[in-house]
Structure formats: C-alpha cells, structure tokens
Colleague: 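Right, I'll just put the structure down here and ask away after.
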Amino acid sequence: MAPDARWIAVKIFNDRGAATSTAIHRGFQWLLDPDGNPDTADAADVVNDSWTLSMGGCNLDFQPDLAMLRAAGILPVFSAGNYGPATGTVFSPANNPQAFAVGATDNTDVIDPSSSRGPSACGQPIVPRAVAPGVSVRTTDLYGLYTVASGTSLAAPHVAGALALLLSAFPDLSADRQAAALEGGAMDLGPSGPDNDYGYGRLDALAAYRWLTMPDFTVSASPSTATTTPGGTATYTVSVAGVNGFTDAVTLSLAGLSAAQATWSFTPPVVSGGSGSGRLDVTTTAGLAPGSYPLTLTGTNGSTSRSAYATLVVPAPPDFTVAAAPASRTVPAGDTTTYTVTVGTLNGFTGNVALSLTGLPGSVGSSAFNPTSVAGVGSSQLTITTPATAPPGTYPLVVTGTSGSLSHTATVMLTVTARDFTLSASPSTVTVSRGQTASYTVSVGSVGGFTGSVSLSVTGLPAGASATFSTNPVGTPGSSTLRVRTTSSTPRAAFTIRVIGTAGALVHQVPVTLTVR
C-alpha cells in the first residue's frame, strides 16, 4: 500500500503466543529508538498492533506507552479484536483513548460478525474508529508461504499501510491529524454518522488524502495528565490550530466525567478565528473515588469535530495499615504472652495511630501496648497477662488502630490452657496376706505448666487397715509411696481403694485394688 515504506518489527510474544507486560512496555520503547542511538532519526512513523488483551473492561496499563507514541507523532493502530458481535467487546489497549482501533469488513463492505464492537469501557466516544478489509485476506503465514486468513488483525495493517502512504505525501502530520484524516476520509457505513460497529466508516486512502487539503483544525491538550484531590480543581490548556486556511469558530466540550463526579468549564468556551487556546477547569466532587479518569476534550465546528485526550488522576488519600503477628498464641493460665503489632503507611501517611484491643474478657486477662501509639510507620508490643484462674478456651482478639476518622483492625487468636495436674498409681492391683503391707507408687504430673503441691489421701480402706504416704504433699511433678498395712483382723476380700489428690479447687482421684488373702 505504501511502495517506498520500510518494515521493521519488534517481537513481544514468545513462540507460545504469550506476552508479559514488561515485554510489551519494552517493545513500545524500542519503537522510538530501534538502534539505541538518540542522535539518529530511526523511530517508526506508523505502528501496527494486531493484538489485544483477552479480558474486557478498561485497562490503562499501556496508556502511557500510547500517549508517548502520539506525542512523538506516531499513531498506534490497533486491531479492534474478534469478540463480536456482542457490544462492548473492543478490549484494551484498543479501547484506550490514544489508540486507533480498526474493525473488519468483507468484500461487500459488511462488518464481519466476529469483529469487536463498542462502546468503549475507557471513555472513547466511538470504537472502532474505522473498519478495513479483514475477511479472506491473502497474507504471509508463519512458514514463509502465503495463506488466506480473516480477522481484525488483517484489517489493522490495511489502515497502517494507508497511513504510511499518507505520510509519504504529508510527512509532518501530527498523530491527531493522521487520525482525523483517516476518519474524515472514511466511507460511512451502517447508520448515518459514526457508530460503534463501523466507526467513521471503511478506510478510503484517496479520500483521506483529499481531506488533508481541506480547511480543518486540530485540538491538543496539556498537560496530558493532571492530579487533584477529591473536591480539588485540575486545570488544562486546550489549544486549537487551524489547518489549510481554517478560520472558523470552534466550540469546546468535555467527556469522560459525569455530573456526579465533577463540574467543569472552558474559558473561553469558544475559540474564535480558527486558532487559539482556552482553559479547562475540572473541579471534582468530594466523594470522587481515587483512580485515573480518561478525558476526551473535543472541539466542534459544524459537523466537524476533533478530539484530544488527557487523564485526570485522583490519588488515594493518606492511609495506614495494621498487622499483628503471630496469628495465634497459646498460653497456660497465669502466664504472659506477646504479639507484635505493625503499622504501615499508604500514600504518604504520617499521622499518629492509637492502638486498642477488644475481645479479651476481664476474667481471661489484661492487655497493654508498648508504645500505645505509633507515629507513621513502626511497631508496638502487645502483652497479654492471664491470671491463674483464667478459664481455658480460644479467644479472638481484635487490634484496632485509629487516627482521626481512619480506623483499621487486625485479628489474632489467644488460646488459654488450664493449669492442672494428673494423678496415677501403680501397680493397679496388689495381693497380700492378712498382717502384711501393700505398696503403690502414686505419681503426680503437670498440665498447662502447673507447679503447685498436691495433697494425697485415700478412701475405701478395709477394716483394720491403715495407710501412709512417704511424701505428702507432693511437688509437681513428683511421686510418693502409698503403704497400706493390714492386720490379722482385716477381712479376706478384694477392696477398691481410691487415692485422692487435691490442689486448691482441683481434685483428681485414681482407684487401686487391694486383695487380702
């Protein structure tokens, strides 16, 4: 389509057809300086992108790359995608305001059913911008031969080729002027006027060439990105430049924000004489959510409209995070345990964060933070002290950080185990003759860190028998020897003797058998 054009390519997809964001960003940068020498003018004049992301919605990850190309006078031509005929199927980056998305038509100028349709999720007034032949196109294949293929990936190169042809005649066209020529020369298809199926119509290279010789105007905006807080004002300069003797008045308007999000005004709202500039003030509402908002600034003269694109950035307000570690602790009743509470900063937060704790019953323990507040970024130690009488169980504790109207929480678990002891005796059965003594070893063990003394006693002794402990009370852990002395009058029988251990309110018992012959 452009006989004297030279073709270069940058590979962003691997041999399995997958690409990373980093590879795509680097590919766009390479296009501006392929030989790595900024002193040589070897940047591409036209960029064809026969690819899109595979998910819908508005993704602005590559918007800075596209804005960079347009600022360098390069129009990024994108295939619209093959997700039609449903509406809203032009995916990013083709639906970004800086992209020129191309749909596919057959040889009867009817849109291919699979060609993606608008509207744009990123605020473009019309997508695709134009259509071009994309059904049963003879093209090269991967193996050095030729094949016949269909899709918007075949349609976009038609537009890129026509653009190269136009630039051979008008080498100094800005990216906006290039897009305007393609749209202005397109043959209207579908409903009258631009629409979200055919865009401005089917590519017509000769009509675009002729269009470039007619009086017209361009619109530009600076800065390309402005930042303001909710309730604040961002200001842009909108410039109108006449082309080919254009001297008419141009009316300015804005799209991309609703009345619930912002108010705006142009000063003046109409640029007279074909050239001049105006100021756009955008005042956001106090409740506008943080994010990047693509704006379309349009100049209109009669049926002719030209657009420029800018971005309004509303940063997230300063904030902080609260985290606590470890996620859980286990402590015996009467002991102390600690957690580390960490405060982080978001979006330049520098305030003081006061710390508090909920979820800890008074019967379970008491809490203390050191320090009680953190300035900006830092940590505090949370200490939990439990009494010996703390009831066992698992308790969710909520750590709350507060700074003014901001509040964030982190949850940790506290498991309290009861202090207790175990009691056992061996052997379980002893046989003696009347008048002899039976011996048992009584052992006391610790549960949950119990360290107290256990007093021992017995019940169930037969008549004429007596019992003694070698050690009583017994420290924990520890043991004592129980001796049961029988007499000649002790009845001959089997008796169940219960050994009882007592430590305050804690009582345990264990049975043993004494058989007297």
Side-chain angles (χ1 to χ4, degrees), residues 322-343 354-374 379-402 409-426 428 440-460 467-483 497-512:
V322 173
S328 63
R329 289 282 200 192
T330 299
V331 59
D335 275 6
T336 295
T337 190
T338 61
Y339 302 85
T340 298
V341 179
T342 303
V343 175
L355 300 174
S356 60
L357 184 73
T358 56
L360 182 66
S363 60
V364 176
S366 60
S367 64
F369 289 94
N370 184 24
T372 58
S373 66
V374 175
S379 62
S380 174
Q381 180 173 282
L382 167 62
T383 301
I384 305 292
T385 302
T386 63
T389 57
T394 298
Y395 303 90
L397 309 180
V398 180
V399 179
T400 300
T402 303
T409 62
T411 300
V412 294
M413 305 301 293
L414 173 68
T415 299
V416 178
T417 58
R419 290 182 181 273
D420 204 348
F421 67 90
T422 60
L423 188 68
S424 63
S426 65
S428 60
Y440 304 85
T441 298
V442 179
S443 299
V444 177
S446 176
V447 176
F450 180 86
T451 57
S453 296
V454 178
S455 298
L456 301 175
S457 60
V458 297
T459 61
T468 60
F469 290 95
S470 62
T471 302
N472 194 11
V474 179
T476 307
S479 63
S480 178
T481 300
L482 166 62
R483 293 181 176 88
I497 298 173
R498 295 191 178 277
V499 182
I500 301 171
T502 303
L506 301 174
V507 179
H508 296 289
Q509 56 180 288
V510 60
V512 293

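Note that the structure is a prediction, hence the values are computed from the model and not measured. These numbers come from the heavy atoms of this one structure, side chains and all, not from hydrogens, waters or symmetry mates.
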Colleague: Considering residues at least two apart in sequence or located in another chain, which fulfil the side-chain hydrogen bond (donor to acceptor under 3.5 Å, both in side chains) criterion with Ser363?
Modeller: none
Colleague: What is the distance from atom CZ of Arg419 to atom OG1 of Thr386, rounded to the nearest 0.5 Å?
Modeller: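 Rounded to the nearest 0.5 Å, the CZ-OG1 separation comes to 7.0 Å.
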Colleague: Which atom pair, heavy atoms only, marks the closest approach of Phe421 to Thr502?
Modeller: CZ-N, 4.2 Å
Colleague: Run the side chain to side chain contact (heavy atoms under 4.5 Å, CB included) check on Thr336 and Thr383 step by step: do they pass?
Modeller: CA-CA 7 Å; Thr336 295; Thr383 301; 3.3 Å; yes
Colleague: Taking it one step at a time, do Val499 and Tyr440 satisfy side chain to side chain contact (heavy atoms under 4.5 Å, CB included)?
Modeller: CA-CA 10 Å; Val499 182; Tyr440 304 85; over 6 Å; no
Colleague: If you measure from OG on Ser457 to CD on Gln509, what distance do you get to the nearest 0.5 Å?
Modeller: 9.0 Å
Colleague: Are any of the side-chain heavy atoms of Ile384 and Val331 separated by less than 4.5 Å?
Modeller: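 No, too far: nothing below the 4.5 Å cut-off.
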Colleague: So which heavy atom on Ala418 is nearest to which on Pro392, and how close?
Modeller: N-CB, 3.8 Å
Colleague: Between atom CG of Leu355 and atom OG of Ser373, what is the distance when rounded to the nearest 0.5 Å?
Modeller: 7.0 Å
Colleague: Is there a side-chain contact between Ser367 and Leu382 (heavy atoms, below 4.5 Å)?
Modeller: yes
Colleague: Tell me, do Val364 and Leu414 make a side-chain contact under 4.5 Å, heavy atoms counted?
Modeller: yes
Colleague: Which pair of heavy atoms, one from Thr471 and one from Ser480, lies closest together, and at what distance?
Modeller: O-OG, 2.7 Å
Colleague: Working to the nearest 0.5 Å, report the span between CG of Leu357 and CG of Leu397.
Modeller: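 Going from CG on Leu357 over to CG on Leu397, the span is 5.0 Å.
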Colleague: Would the distance check show the side chain of Asn472 and the main-chain N or O of Leu456 forming a donor-acceptor pair, the cut-off being under 3.5 Å?
Modeller: yes
Colleague: Can you list every side-chain hydrogen bond (donor to acceptor under 3.5 Å, both in side chains) pair that touches residues 444-454, not counting sequence neighbours?
Modeller: none
Colleague: With no hydrogens and no angle check, do the side chains of Thr415 and Thr394 hold a donor and an acceptor under 3.5 Å apart?
Modeller: yes
Colleague: Once rounded to the nearest 0.5 Å, what's the spacing between atom OG1 of Thr422 and atom CZ of Phe450?
Modeller: 10.0 Å
Colleague: If you measure from OH on Tyr395 to CE on Met413, what distance do you get to the nearest 0.5 Å?
Modeller: 11.0 Å
Colleague: Are the side chain of Ser380 and the backbone of Pro371 linked by a donor-acceptor contact shorter than 3.5 Å?
Modeller: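 Confirmed, Ser380 side chain pairs with Pro371 backbone.
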